[in-house]
K.L.:
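Below you will find the structure I want to go over with you.
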Amino acid sequence: MIKDENFTTIQGWMRTKLKLKNNELLVYAIIYGFSQKDNQGYNAGLSYLVDWTGSSKQGILNNLKSLINKGFIKKEESIINNNKCIQYKTIDIKDTLNKV
């Protein structure tokens with residue numbers, strides 16, 4: 001699923017302010033990249049995150065749960081054409097940085 005031209009950006013504040021590391025840092029950075037436009041977020045599925053991190057599906061679910069519990073991302077569920085869709089979005093960065 002990952003193409004040679006795909007990339008993600010890890011910004012310094014993700015390490016220094018949020019104190020993220022390892023796969024949790026990668027997962028957050030990927031979701032952050034997809035969340036840059038209003039009303040957009042990450043909805044590419046778990047397999048994309050598994051491919052990027054080299055982790056297991058359960059490992060990614062644990063990372064997502066941890067990021068939600070820390071208040072860094074939110075999970076939104078909706079029904080589109082009778083299919084359950086899950087989207088992850090980063091919380092507004094100003095709000096996130098104020099929590100740490």
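Residues: numbered from 1 along the sequence shown.
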K.L.:
Just verifying a value: how many Å separate I79 CD1 and N83 CG, rounded to the nearest 0.5 Å?
P.N.:
8.0 Å
K.L.:
Side chain to side chain contact (heavy atoms under 4.5 Å, CB included) with Y28: which of I10, L64, I73, T8?
P.N.:
I73
K.L.:
Search all heavy atoms of S55 against all heavy atoms of N23 and return the closest pair with its distance.
P.N.:
CB-ND2, 3.4 Å
K.L.:
Say you draw a straight line from OG1 of T90 to CE of M14; how long is it, rounded to the nearest 0.5 Å?
P.N.:
8.0 Å
K.L.:
Do Y32 and I2 share a hydrophobic cluster (ILVMFWY, side-chain heavy atoms under 4.5 Å, transitive)?
P.N.:
yes
K.L.:
Any donor and acceptor pair, going by atom type alone, linking the side chain of T53 with main-chain N or O of L49 inside 3.5 Å?
P.N.:
yes
K.L.:
Kindly indicate whether the side chain of I68, heavy atoms from C-beta on, has any atom under 4.5 Å from the side chain of Y88.
P.N.:
yes
K.L.:
To the nearest 0.5 Å, how far apart are CG in L25 and NZ in K19?
P.N.:
12.5 Å
K.L.:
Let me confirm one number: the CD1-CD distance from I31 to Q36, rounded to the nearest 0.5 Å.
P.N.:
12.5 Å
K.L.:
Hey, mind stepping through W52 and I30 against side-chain contact (heavy atoms from CB on, under 4.5 Å) and telling me if it holds?
P.N.:
CA-CA 9 Å; W52 262 103; I30 292 166; 3.6 Å; yes
K.L.:
For the residue pair G41 and Q87, what are the closest heavy atoms and their distance?
P.N.:
N-NE2, 3.4 Å
K.L.:
Check ring-ring contact (aromatic ring centres under 6.0 Å, His included) between Y42 and all other residues, then give those that pass, not counting sequence neighbours.
P.N.:
F34
K.L.:
Write out all pairs satisfying salt bridge (charged side-chain N to carboxylate O under 4.0 Å, His left out) with one or both partners inside residues 74-84, taking only residues at least two apart or from two chains.
P.N.:
K74-E76, K75-E77, E76-K89, E77-K84
K.L.:
Please check if atom CG in N39 has more than 12 non-hydrogen atoms from other residues, nucleotides or ligands closer than 6.0 Å.
P.N.:
no
K.L.:
Between S56 and G59, what is the shortest heavy-atom contact and its length?
P.N.:
OG-N, 3.0 Å
K.L.:
Show your reasoning for whether side-chain contact (heavy atoms from CB on, under 4.5 Å) applies to L67 and L20.
P.N.:
CA-CA 9 Å; L67 290 166; L20 296 172; 3.8 Å; yes
